[in-house]
Amino acid sequence: MPRVPNKPKSSARTTETSLAVVDAIRDLDGATMNELSEYIGLAPSTIHRHLVTLREHKYVTQEDGIYRIGFQFLTVGGYAQRKTTAYPMIKEKVDSLAAETGERAQFIVEEHGERVYLYTEVGQSAVQTGAHIGKRGVLHTSAAGKAILANMSRERFDETIATRGLEQGSENTITTREELADECERIRERGYAFNRQETTDGVHAVGAAVTDSDGEVIGALSVSGPAHRVKGARLTEELPERVLSAVNELELYIEHSVHT
């Protein structure tokens with residue numbers, strides 16, 4: 001349930017309340033004003049004022065008394081997506097990997113210590129995993145997320161763990177700093193990361209980080225599929241080779257773009 005911090009009335013407090021309203025509409029998958037009031041714990045009159053402003057600016061829609069998230073968020077999110085370094089090439093490589101492997105391919109970025117799906121595509125044999133553009137999650141449970149963690153400085157690594165924690169996604173999830181640090185060392189040595197049913201039972205993945213010409217991490221590319229199909233040499237050799245090839249082409253493109 002969204003909570004509005006108990007702060008003095010101010011513009012910051014007003015903004016936080018508006019964001020709490022947006023979160024509540026998303027959590028409830030659409031709601032009436034009274035439902036939002038009960039969910040957030042604020043008076044209907046207060047909720048109404050925020051809904052009016054959000055609707056005027058197209059961030060919220062209303063039909064038959066039900067408020068829903070508006071496509072203005074898609075407009076803003078699409079802008080952020082397109083402004084990511086080398087986004088057209090990222091999309092091209094994700095599409096190619098999905099087509100070549102028949103599985104789900106995705107590119108994630110790190111923001112506030114979380115992974116965010118920037119773009120994803122499914123191949124002919126891909127299974128549904130709940131991954132979609134804009135979805136957030138912890139870094140340490142995914143192949144791409146662990147690849148990003150492995151390329152962080154020790155200070156940033158520790159800060160991320162301290163802030164986000166090491167929640168357990170499945171019985172295979174790494175839940176201690178020491179074990180995760182050891183895993184990140186292995187990732188740095190081989191250049192790619194595995195996810196062996198650490199996010200979702202029955203799903204394996206391979207991921208590798210993408211860096212710019214200064215060695216800064218832009219994000220990570222990964223391919224995921226059902227464990228009964230993505231196993232053995234396909235998991236440990238074929239998919240890592242495909243992912244690393246795509247990463248190499250992306251990094252060459254980025255380096256060329258910077259120096260032209």
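Keep in mind that the numbers below use all heavy atoms, side chains included, and drop hydrogens, waters and symmetry copies.
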Could you state whether [X] and [Y] fall into the same hydrophobic cluster, counting links through intermediate Ile, Leu, Val, Met, Phe, Trp or Tyr residues with side-chain heavy atoms under 4.5 angstrom apart?
{"X": "Val109", "Y": "Met89", "result": "yes"}
{"X": "Leu28", "Y": "Leu51", "result": "yes"}
{"X": "Val247", "Y": "Ile108", "result": "no"}
{"X": "Val122", "Y": "Val206", "result": "no"}
{"X": "Ile90", "Y": "Val223", "result": "yes"}

Flag, side chain of [X] to backbone of [Y], donor-acceptor distance under 3.5 Å:
{"X": "Thr200", "Y": "Val203", "answer": "no"}
{"X": "Glu121", "Y": "Ala105", "answer": "no"}
{"X": "Glu35", "Y": "Thr32", "answer": "yes"}
{"X": "Asp29", "Y": "Ile25", "answer": "no"}
{"X": "Asp214", "Y": "Glu216", "answer": "no"}
{"X": "Thr236", "Y": "Gly232", "answer": "yes"}

By the salt bridge (charged side-chain N to carboxylate O under 4.0 Å, His left out) test, which pairs, at least two apart or in different chains, include something from residues 122-144?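 Found Glu111-Arg136, Glu114-Arg136.
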Pairs satisfying salt bridge (charged side-chain N to carboxylate O under 4.0 Å, His left out), at least one member in residues 221-240, at least two apart: Glu103-Arg229, Glu103-Arg234, Arg234-Glu238, Glu238-Arg242
Would you say the side chain of [Y] lies within less than 4.5 Å of the side chain of [X], judging by non-hydrogen atoms?
{"X": "Ile174", "Y": "Thr141", "answer": "no"}
{"X": "Val76", "Y": "Phe73", "answer": "no"}
{"X": "Leu139", "Y": "Glu110", "answer": "yes"}
{"X": "Thr46", "Y": "Ile40", "answer": "no"}

Who are the salt bridge (charged side-chain N to carboxylate O under 4.0 Å, His left out) partners of [X], not counting sequence neighbours?
{"X": "Arg68", "result": "none"}
{"X": "Asp95", "result": "Lys91"}
{"X": "Arg188", "result": "Glu185"}
{"X": "Glu251", "result": "none"}

Mind running side-chain hydrogen bond (donor to acceptor under 3.5 Å, both in side chains) on Ser222 and Arg104 for me, showing each step along the way? CA-CA 8 Å; Ser222 67; Arg104 176 181 290 276; over 6 Å; no
Pairwise ring-ring contact (aromatic ring centres under 6.0 Å, His included) hits with a residue in residues 192-247, at least two apart: Tyr192-Phe194
So how far is it from [X] [atom1] to [Y] [atom2], rounded to the nearest 0.5 Å?
{"X": "Lys93", "Y": "Asn248", "atom1": "NZ", "atom2": "CG", "value": "9.5 Å"}
{"X": "Leu149", "Y": "Ser142", "atom1": "CG", "atom2": "OG", "value": "8.0 Å"}
{"X": "Ile133", "Y": "Leu118", "atom1": "CD1", "atom2": "CG", "value": "7.5 Å"}

If you apply the rule side chain to side chain contact (heavy atoms under 4.5 Å, CB included), what do you find for Val94 with Gln106, and how did you get there? CA-CA 6 Å; Val94 170; Gln106 49 267 317; 5.5 Å; no
Ile187: hydrophobic cluster co-members (side-chain, 4.5 Å):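 Cluster partners of Ile187: none, it stands alone.
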Which atom pairs, donor and acceptor, lie under 3.5 Å between side-chain atoms of residues 52-67 and protein residues at least two apart or in another chain?
unit_1	atom_1	unit_2	atom_2	d
Thr53	OG1	Arg49	O	3.4
Arg55	NH1	Gln62	OE1	3.4

Would you mind checking if Arg186 and Glu183 are paired as a salt bridge, meaning a charged N to carboxylate O distance below 4.0 Å? yes
Quick note, side-chain hydrogen bond (donor to acceptor under 3.5 Å, both in side chains) partners involving residues 77-87, not counting sequence neighbours, are Gln81-Tyr87
Keeping to residues at least two apart or across chains, list the side-chain hydrogen bond (donor to acceptor under 3.5 Å, both in side chains) pairs with something in residues 167-180.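 Pairs touching residues 167-180 that pass the test: Asp158-Arg177.
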By ring-ring contact (aromatic ring centres under 6.0 Å, His included), Tyr117 pairs with (sequence neighbours left out) none
Check the pair His50, Thr14 against side chain to side chain contact (heavy atoms under 4.5 Å, CB included), reporting the backbone distance first and the verdict last. CA-CA 8 Å; His50 290 273; Thr14 300; 3.6 Å; yes
Pair Glu255-Ser213, side-chain donor/acceptor within less than 3.5 Å: no
Worked verdict on Thr17 versus Leu42 for side chain to side chain contact (heavy atoms under 4.5 Å, CB included): CA-CA 9 Å; Thr17 302; Leu42 293 174; 3.7 Å; yes
Ala43 and Ser37: which non-hydrogen atoms are nearest, and at how many Å?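 That would be C-OG, 3.7 Å.
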For Gln124, is the CD atom crowded, meaning more than 12 foreign heavy atoms sit under 6.0 Å from it?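 Counting neighbours around CD of Gln124, 12 or fewer heavy atoms of other residues, nucleotides or ligands fall under 6.0 Å, so no.
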